[in-house]
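To start, the structure under review is shown below, and the notes come after it.
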Amino acid sequence: MAPRLQRQIKVFMLMMVSLCAGAQTSADSTLAVFEQWMARHGRIYMNNLEKAKRYEIFLKSFRFIENFNKEGNRSYRVGLNQFSDLTTEEFKARYTGFQAMSKSSKSSTATTFKYQNATEVQYVSPPESANWVDKGVVGDVKDQGDGCGSCWAFSAVGAVESLLAIKKSVFADLSEQQLVDCDKANKGCKGGRMERAFDYISRHGIAYEKDYPYKNGQGNCNETAASASVTKIDDYYSIPVNERWIERSVSQQPVSVAVDGDSDDFKYYKGGIFSGPCGKKLSHAVLIVGYGRSDSDGKNYWLIKNSWGQQWGEKGYMRLQRSTGTYGGICGIELSASHPYLN
Ligand SMILES: *[C@@H]1O[C@H](CO)[C@@H](O)[C@H](O)[C@H]1NC(C)=O
Ligand SMILES: *[C@@H]1O[C@H](CO)[C@@H](O)[C@H](O)[C@H]1NC(C)=O
Ligand SMILES: *[C@@H]1O[C@H](CO)[C@@H](O)[C@H](O)[C@H]1NC(C)=O
């Protein structure tokens, strides 16, 4: 604690020197970068001590990004974004929100049988690629905001929006807030799982976004808005841990998945094919909306839609390496895949 405070005071002093005296140090130019970044992202800090603290975190991010891109030997790039003044802990607490299940909760063999028997995707070899964004059935990338671990709701709603668009040829923007406020099997802004959200939607339906808009926080369930829920699904399926099965499913509709999204590499991803390093501690929910192979380097990828706004990654999307040959896939993307079902 003490050394940290000392360091912050040092940074603070340095800032005061450079702010007041205009000293030409190299810290000067990163401070300028920081202040440009603050302006770009509309950051205002309470006082100069808070600013010094945030500047210190920013510097760490800045150096990480600089070193990463200097090495230049990866299949993807990283860059500054709206998360650059947050510690890893703060980032995890505010921007993720997937709840991993205890190991004993589901038998994977039973899941496989249920899946094979119930879905139409069996025994069909998946196509080489799929892209639901190009087909116009994926809604705009949304932003879960800085106050709610609601990624699970965005992933589930995204999957339902696309399924309805595919089946009914009409796109409807649906409500994440209803899930955050009303789905008691999940924990609102404290996290949740997409299967439970699908279960809720199959029983209660889901309202339009405009009738139950997102508010970056959790409140009481608005029964009036929820009872206007027009859209239902029939059921949902958990997909076995298997790349081919997930490809087959994605070739029919977007699929909800969870990933380990806690690393700085993931947080600062800017473009290219993300290849880790990352673990398999599932923390963040996203939506697979396609897969394919990169023309430039021949790497296979999953196309995922995130809920961190359009500034993150490739306009809000990430291409994540596919066919890595490791159990569960990169960042554990194959470990908890599911999709809604509509007759
Ligand atoms: C990239 O280069 C750095 C330093 O030269 C090395 O430590 C790292 O392992 C390399 N990474 C890959 C993915 O090759
Ligand atoms: C799935 O189908 C197989 C073969 O028809 C059958 O043996 C099995 O009991 C079914 N499993 C479930 C969960 O329905
Ligand atoms: C509940 O939703 C209805 C319909 O969208 C809206 O008119 C009303 O203001 C909402 N109530 C609250 C407390 O937000």
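When a ligand or atom number is given, it counts from 1 through the structure's own listing order.
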Cation-pi check, Arg40 onto Trp37 ring (under 6.0 Å, within 45° of axis): no

Test of ring centre spacing under 6.0 Å for Tyr268 and Phe62: no

Validation row, ring centre Phe154 to ring centre Tyr214 under 6.0 Å: yes

Donor-acceptor pair between Ser75 and Ser275 side chains, under 3.5 angstrom: yes

Residues forming a disulfide bond (SG atoms under 2.5 Å apart) with Cys151, sequence neighbours excluded: none

Identify all N/O pairs between ligand 3 and the protein with a separation under 3.5 Å and present them as a table of atom names and distances.
unit_1: ligand 3; atom_1: 2 (O); unit_2: Asn222; atom_2: OD1; d: 3.4
unit_1: ligand 3; atom_1: 2 (O); unit_2: Asn222; atom_2: ND2; d: 2.4
unit_1: ligand 3; atom_1: 5 (O); unit_2: Asp211; atom_2: O; d: 2.8
unit_1: ligand 3; atom_1: 11 (N); unit_2: Asn222; atom_2: ND2; d: 2.8

Lys267 NZ/CZ over Phe83 ring centroid, <6.0 Å and within 45° of normal: no

